[in-house]
Number of protein chains: 2
Amino acid sequence: MITIKEIAERASVSRTTVSRVLNNNGYVSEDVKKRVLKVIKETGYIPSENAKSLRTKKTKVIGVILPKISTETSSRLVKGLDEVFAKEGYQILLTNTNLVPEKEIEYLRLLKSRHVDGIILSTTIINQPLVEEISQLKIPFVTVGQQISKISNVLFDDYQASKDLVNLMIKKGYKHIAFIGVHEEDRSVGYLRKAGYLDAMKEINLPIEDCWVQQGIFDVDSGYHSMREIVKNSKQKPDAVLAVTDRLAIGAMQYIKEAGLSIPDDIAVAGMGASELSRFVSPSLTTIDFSMEEVGLEAADLLLDQINGRNTHEKIRKVEYRLIERSSI
Amino acid sequence: MITIKEIAERASVSRTTVSRVLNNNGYVSEDVKKRVLKVIKETGYIPSENAKSLRTKKTKVIGVILPKISTETSSRLVKGLDEVFAKEGYQILLTNTNLVPEKEIEYLRLLKSRHVDGIILSTTIINQPLVEEISQLKIPFVTVGQQISKISNVLFDDYQASKDLVNLMIKKGYKHIAFIGVHEEDRSVGYLRKAGYLDAMKEINLPIEDCWVQQGIFDVDSGYHSMREIVKNSKQKPDAVLAVTDRLAIGAMQYIKEAGLSIPDDIAVAGMGASELSRFVSPSLTTIDFSMEEVGLEAADLLLDQINGRNTHEKIRKVEYRLIERSSI
DNA sequence: CTGAAAGCGCTTACAG
DNA sequence: CTGAAAGCGCTTACAG
């Protein structure tokens, strides 16, 4: 591989001078500059970022830790991140925990060993060891989607979003509203969205049958099975159901249709997430658009602020959501 | 930051020795080893990959160039890649050209400057400057989805897949088959899939009206408009349509439904790609499952072969596809 | 079994 | 305006 040393020799200057024209700083006469540039061009020399990083302590890479790599949520998030980072000359180093909690700590260390300039963490479950690892990391850091105190977060108001959906149903005249959630360990999607549902119902004294409240996992089948439980076991059949993700909602829709019931006449359905599916499924699904892409934008912004040492007091940034009303209600 | 030097001092050994226990090679007495390990643990020392790379010339990172970051195709590809690379201790550095051709060359150079151990390129359009840049790169390299001669490729048989779909339609009794493609600059999706359609029709002398063959871009709207052109302008109305992507097909379905026609009774529809949408759209869409995830697996395998200097003669690996027959035909 | 020294490819005070 | 030298944090022959 061709190095700065060889360029220096060919152009009959010192490595210092070559470095100066490379980085366009320090004085260097037009003459010499031209000579060096010519040699660089001829040789196709590309400086080693690695060597550079070792000296400058900047790598221009951002580590991103994802819970799942191939979901709409993740890919939209990464799109948002990439949009601002690419513009600033940063690349993204991707790691994927596949929902294995220990991997988060492993990757945190790995990213540290690679001297990334900053880290974005998207996670579903916060645990103590993770929080401790983060706090002693000393690298610019932003979490996304889940709140960790004392650390910069980009969040949605999951509680209110869920409440909004229930209130919409209530306004439309639905009274027997069932709920398909996920494990409450996931504070944002599991706990807060459920709390929003529960509170909205409580506020106007709508009763809830036990079996109306189901807990699934993040896939379509799970929505299907949860809906079956609800329909089979309830005394008072619900006339509406809120699912905390679109895929759960779509699974629920499948069951409802299979059971010979109509949406929304017999049972109205709402999901959350504004997945592409929600638009094209039939009937089209009422949902909440959380705009993960914007979360990516904001998170990148916050991280850049930290990296550049400005505005480091800001800890929480909330991203607006949008209720999309479609034919399933 | 804490370095190997400090560990050496604290453990009263040389840096050489610390390095040896870190990498678990060379002789080092149990005693000394324990002492060093203890200090490492106490201090939370994490060696700098950067410094290491500079010496060893290996970075354990793989550069991935994507044409679009937030598509199902990309995210499935990355999932496949990550699955094998993570296992071997490689991380993925992601770059996104957003379909801007010059960015490919820019990122190729950038990845070189970062001394990635290998590069995976997913691209839609091959041009001469790109091919030249690649050939002088001297880094293990694999392309995905498009064939570049003399370079390792992981491919589908786009031509045959398209033909299979047309033949299925013919077998089902459809005779007036229209086609929605994309620009032929994209050799795999644009040119080859069109050629498959054309040849299948020609082989049994099925006539094709000019306006049956439309060219769109990669989105739903474009499928909608193309279908409208077909229906409005054709003398003999087609009884089936093949679109080269699922989103084009779904756009076509939208138009067909809006026009008050039924699928598949009036017009049958097929797409390609086996997107999630294709399963849940109604009627469910007949399509080709190209398994991008498997492409990722195979591409990673091929690249690893190159990196490890084995099996470097293999240039092309074809991934099987699967025809998924559903209710739209 | 252990260590001193050179070197990976850069940048950056410092001196001139 | 230009260069010699030190140093970033590691690894690796080489010597003992």
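Only heavy atoms go into these numbers, but all of them, side chains included; no hydrogens, no water, no symmetry mates. Proteins get letters first, then strands, A, B, ... in listed order; numbering begins at 1 in each.
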Which sits closer to the 5' end of DNA chain D, B/Arg20 or B/Ala51, going by the nucleotide each is nearest to?
B/Ala51

N or O in side chain of [X] less than 4.0 angstrom from [N] OP1/OP2:
| X | N | answer |
| --- | --- | --- |
| A/Thr3 | C/dG9 | no |
| A/Lys5 | C/dG7 | no |
| B/Asn23 | D/dT11 | yes |
| A/Ser14 | D/dG3 | yes |
| B/Ser19 | D/dT11 | yes |

Against A/Ile40, only a single residue in A/Ile2, A/Ile46, A/Ile7 fulfils side chain to side chain contact (heavy atoms under 4.5 Å, CB included); can you say which?
A/Ile7

Taking the nucleotide of DNA chain C with the nearest heavy atom to each, does B/Tyr27 or B/Arg55 sit closer to the 5' end?
B/Tyr27

Side chain of A/Lys57 only, heavy atoms from C-beta on: which candidate in C/dA4, D/dC10, D/dC8 is closest?
D/dC8

Nucleotide nearest A/Thr17 when distance is taken to its side chain, options C/dT2, D/dT2, C/dT12
D/dT2

Looking only at side-chain N and O atoms, does A/Ser14 offer a donor or acceptor that is under 3.5 Å from a partner on A/Thr17?
yes

Taking all non-hydrogen atoms of both residues, which atom of B/Arg114 and which atom of A/Gln91 are closest, and how far apart?
NH2-OE1, 3.5 Å

Quick one: does A/Arg15 reach the base of D/dG3 with a side-chain donor-acceptor pair under 3.5 Å?
no

So, under a plain 3.5 Å distance rule, would you say the side chain of A/Thr16 forms a donor-acceptor pair with the base of C/dT11?
no

Only pairs with both distances under 3.5 Å count, Watson-Crick or wobble alike; so what is the partner of C/dA4 in this structure?
none

Compare all side-chain heavy atoms of A/Leu81 with those of A/Ile62 and state whether any distance is below 4.5 angstrom.
no

